[in-house]
Amino acid sequence: EKGYLYWSADVTPETTPYEAGLGFAVALDKGDFIGREALERNATAPRRKLVGLKFTGMEAPHHGDPIFVGREQVGVVTSGGFGPTLEAPLAMGYVSSDFAAAGTPLRALVRDKPRPVSVTKMPFVPQRYYRGQ
């Protein structure tokens with residue numbers, strides 16, 4: 001529910017920091033390094049984005065479940081389960097940048113059944129802790 005990323009599910013060696021929402025960790029102004037050109041190409045317009053997904057019903061999504069708009073597959077669930085705080089199924093997944101805006105209605109196949117899903121802001125549950133000085 002906090003939107004923490006899982007290595008090998010939400011982030012893999014093929015994932016760019018910009019797709020995963022980790023662009024803040026990339027310092028393109030710090031000189032030359034291996035992979036710089038690839039990161040620069042992807043920095044302004046990643047083709048896909050990691051988004052939060054909120055499902056209706058009670059069936060929890062799983063890694064690999066496809067995400068659709070109409071008959072076109074536009075993404076895939078990377079991690080998901082039941083969120084006890086929100087008492088709803090939640091997931092994260094990569095969708096085409098065209099469909100990554102919060103509130104976008106999508107459909108996912110969960111156990112081979114189409115389920116309505118909407119893109120939502122992450123974290124699903126805002127932080128409520130006090131960080132001292």
Side-chain angles (χ1 to χ4, degrees):
E1 292 176 311
K2 286 294 187 182
Y4 295 144
L5 305 180
Y6 295 110
W7 176 252
S8 80
D10 302 316
V11 181
T12 68
E14 292 78 31
T15 307
T16 71
Y18 302 107
E19 293 172 333
L22 300 172
F24 65 88
V26 178
L28 293 174
D29 61 342
K30 298 288 184 179
D32 201 21
F33 55 89
I34 295 172
R36 179 189 180 95
E37 290 178 27
L39 287 173
E40 286 176 328
R41 282 192 306 269
N42 197 271
T44 55
R47 61 182 171 80
R48 64 184 189 151
K49 292 183 181 178
L50 184 68
V51 296
L53 301 165
K54 188 168 184 183
F55 287 71
T56 57
M58 297 304 283
E59 285 189 281
H62 293 88
H63 175 82
D65 288 346
I67 301 168
F68 293 90
V69 169
R71 293 179 181 256
E72 177 187 2
Q73 184 173 349
V74 297
V76 65
V77 171
T78 54
S79 61
F82 190 79
T85 304
L86 296 177
E87 297 181 354
L90 305 171
M92 290 191 293
Y94 285 97
V95 298
S96 172
S97 295
D98 297 337
F99 303 102
T104 303
L106 303 169
R107 215 172 24 92
L109 282 182
V110 179
R111 293 180 189 83
D112 295 323
K113 297 176 192 166
R115 299 287 181 225
V117 60
S118 62
V119 176
T120 187
K121 290 184 178 184
M122 288 194 299
F124 299 102
V125 177
Q127 65 90 6
R128 288 183 175 33
Y129 59 86
Y130 172 74
R131 190 180 299 190
Q133 299 184 29

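The figures here come from the full heavy-atom set of this structure, side chains too, leaving out hydrogens, waters and symmetry mates.
Residues F24 and F33 fall into different hydrophobic clusters, defined by Ile, Leu, Val, Met, Phe, Trp and Tyr side chains chained together at heavy-atom separations under 4.5 Å. F55 is connected to V95 through a chain of hydrophobic side-chain contacts under 4.5 Å among Ile, Leu, Val, Met, Phe, Trp and Tyr, so both are in one cluster. By the rule that hydrophobic residues join a cluster once side-chain heavy atoms approach within less than 4.5 Å of another member, V77 and V69 end up as members of one cluster. Using a 4.5 Å cut-off between side-chain heavy atoms of Ile, Leu, Val, Met, Phe, Trp and Tyr, with links allowed through other members, V125 and L90 fall into the same hydrophobic cluster. Note: the hydrophobic cluster containing L28 does not contain L22 (ILVMFWY, side chain heavy atoms under 4.5 Å, direct or indirect links).
Between the side chain of R115 and the backbone N or O of T56 there is no donor-acceptor pair closer than 3.5 Å. Remark: the backbone N or O of F99 is not paired with any side-chain donor or acceptor of S96 at under 3.5 angstrom. Between the R48 side chain and the G93 main chain, no donor and acceptor come within less than 3.5 Å of each other. Under a 3.5 Å cut-off, the side chain of S97 and the backbone N or O of P46 do form a donor-acceptor pair. Without hydrogens or angle criteria, E19 side chain to T16 main chain gives a donor-acceptor distance under 3.5 Å.
A pairwise comparison of heavy atoms in E1 and L86 identifies OE2-N, 3.1 Å as the closest pair. Looking at every heavy atom in both residues, P123 comes nearest to K2 through CB-O, 3.2 Å. Closest non-hydrogen pair, A91 versus F124, comes out as O-CZ, 3.2 Å. Taking both residues in full, the closest heavy atoms of L5 and A20 are given as CD1-O, 4.1 Å, listed atom of the first, atom of the second, then distance. Heavy-atom minimum distance, A60 versus V110: O-CG1, 3.5 Å. Nearest heavy atom pair, residue A9 against residue T78, reads O-CB, 3.4 Å.
In this structure the side chain of V51 never reaches within 4.5 angstrom of the side chain of M92, judged on heavy atoms. Contact of the P105 side chain with the P116 side chain is not registered, since no non-hydrogen atoms from C-beta on lie closer than 4.5 Å. Counting only heavy atoms from C-beta outward, the side chains of P66 and V76 never approach each other to under 4.5 Å.
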For I67 and V74: C-alpha separation, side-chain torsions, deciding distance, then whether side-chain contact (heavy atoms from CB on, under 4.5 Å) applies. CA-CA 6 Å; I67 301 168; V74 297; 4.3 Å; yes
Check against side-chain contact (heavy atoms from CB on, under 4.5 Å), L53 and T120: CA-CA 6 Å; L53 301 165; T120 187; 5.9 Å; no
Would you check, one step at a time, whether the test side-chain contact (heavy atoms from CB on, under 4.5 Å) holds for R107 with V117? CA-CA 5 Å; R107 215 172 24 92; V117 60; 5.6 Å; no
Checking Y18 against T44 for the side-chain contact (heavy atoms from CB on, under 4.5 Å) test, could you report, in this order, the C-alpha distance in whole Å, the side-chain angles of both residues, the deciding distance, and whether it holds? CA-CA 8 Å; Y18 302 107; T44 55; over 6 Å; no
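For the atom pair CG (D10) and OH (Y4), the distance works out to 13.5 Å, reported to the nearest 0.5 Å. Remark: D98 CG to K49 NZ distance equals 9.5 Å, nearest 0.5 Å. Of the inter-residue distances, the one linking L106 atom CG with F68 atom CZ reads 11.0 Å to the nearest 0.5 angstrom. The NZ atom of K113 sits 5.0 Å away from the CD atom of E59 when rounded to the nearest 0.5 Å.
Other residues, nucleotides and ligands place no more than 12 heavy atoms under 6.0 Å from the CG atom of D112.
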